[in-house]
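What you see is a predicted model; the values in this text were computed from it and never measured. Side chains are part of it too, since the values below use all heavy atoms of this structure and drop only hydrogens, waters and symmetry mates.
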Amino acid sequence: QVQLTESGGGLVQPGGSLRLSCAASGRTSTNAAMAWFRQAPGREREFVVATRTNGASSYYSDSAKGRFTISRDRAKNTIYLQMNNLKADDTAVYFCTYGSRWVVGRMSLEQEYDYWGRGTQVTISA
């Protein structure tokens, strides 16, 4: 079992920044995958960005490229999502997720992940 704890959400004005954190505990692996998905009101959950826990690869959605950056602290089993130049469309619940393996070309798919956090609310509003 893997437990995921997200933090860092909140309310920010358009153009602002937030950093989300996700700490993994339990039976984690150094060659797994961790990712962020988000779900806006009335919409399906969508992929944001994924990273291999060994740092070898990351994969960004088109909406995240250029504004969001994923990073990790291997010693803390924690990943971070730095979000800059936030827009109203970024308003959503952001979920951290963990998958036991990295599969090239598939890490934007929910079915590749085994564990999910409860989510943290991000609201972009003036």
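Among residues at least two apart or in separate chains, side chain to side chain donor-acceptor pair (under 3.5 Å) pairs with a member in residues 117-126 are Q121-T123. The disulfide (SG to SG under 2.5 Å) contacts involving residues 52-86 comprise nothing, where partners must be two or more places apart or lie in separate chains. Residue pairs meeting the disulfide (SG to SG under 2.5 Å) criterion with at least one partner in residues 37-126, sequence neighbours excluded, are C22-C96. Among residue pairs with one or both ends in residues 76-88, none qualify as salt bridge (charged side-chain N to carboxylate O under 4.0 Å, His left out); sequence neighbours excluded. Applying the disulfide (SG to SG under 2.5 Å) test to residues at least two apart or on different chains, none of the pairs has a partner in residues 44-73. Applying the side chain to side chain donor-acceptor pair (under 3.5 Å) test to every pair with at least one member in residues 11-20, sequence neighbours left out, gives these pairs: S17-N84. Screening residues 44-84 for disulfide (SG to SG under 2.5 Å) gives no qualifying pairs among residues at least two apart or on separate chains. Pairs of residues two or more places apart, or lying in two chains, that qualify as salt bridge (charged side-chain N to carboxylate O under 4.0 Å, His left out) and include a residue from residues 29-39 are R38-E46, R38-D90.
With sequence neighbours left out, S29 forms a side chain to side chain contact (heavy atoms under 4.5 Å, CB included) with N31, A32, Y98. With sequence neighbours excluded, no residue satisfies ring pair (Phe, Tyr, Trp, His ring centres under 6.0 Å) with F95. T97 is linked by a side chain to side chain contact (heavy atoms under 4.5 Å, CB included) to A35, F37, Y113, W116, counting only residues two or more places apart in sequence or in another chain.
To the nearest 0.5 angstrom, I124 atom CD1 is 10.0 Å from N85 atom CG. Between the CG atom of L81 and the CD atom of E6 there is a distance of 11.5 Å, given to the nearest 0.5 Å. Taking CD of Q82 as the reference point, atom OG of S21 lies at 9.5 Å (rounded to 0.5 Å). Atoms OG and CZ, from S57 and R52 in turn, are 5.0 Å apart once rounded to the nearest 0.5 Å.
Residue F68 places its CZ atom among more than 12 non-hydrogen atoms of other residues, nucleotides or ligands, all under 6.0 Å distant. Enclosure of atom CD in Q1 is not indicated, since only 12 or fewer non-hydrogen atoms of other residues, nucleotides or ligands lie within 6.0 angstrom.
Side-chain contact between M83 and L20 is present, with heavy atoms from C-beta onward closer than 4.5 Å. Using a 4.5 Å cut-off on side-chain heavy atoms (C-beta onward), Y80 and T69 make no contact.
Annotation for R43 and Q39: closest pair O-NE2, 3.1 Å, computed over non-hydrogen atoms. Shortest non-hydrogen contact noted between P14 and A126 is CD-N, 3.7 Å.
There is a path of hydrophobic side-chain contacts, each under 4.5 Å, that joins L4 to V122. Taking hydrophobic clusters as Ile, Leu, Val, Met, Phe, Trp and Tyr residues chained together by side-chain heavy-atom distances below 4.5 Å, V48 does not share a cluster with Y59. Using a 4.5 Å cut-off between side-chain heavy atoms of Ile, Leu, Val, Met, Phe, Trp and Tyr, with links allowed through other members, Y115 and W36 fall into the same hydrophobic cluster. There is no path of hydrophobic side-chain contacts, each under 4.5 Å, that joins V93 to V12.
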Below 3.5 Å, can you tabulate the donor-acceptor pairs from side chains in residues 99-106 to any protein atom, sequence neighbours excluded?
residue : atom : partner : partner atom : Å
S100    : OG   : D114    : OD2          : 3.3
R106    : NE   : E112    : OE2          : 2.5
R106    : NH2  : E112    : OE2          : 3.0

T28 and T53: CA distance, side-chain angles, deciding distance, side chain to side chain contact (heavy atoms under 4.5 Å, CB included) verdict: CA-CA 9 Å; T28 59; T53 53; over 6 Å; no

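Remark: the backbone N or O of M34 is not paired with any side-chain donor or acceptor of T51 at under 3.5 angstrom. A donor-acceptor pair under 3.5 Å is formed between the side chain of Y60 and the backbone N or O of I70.
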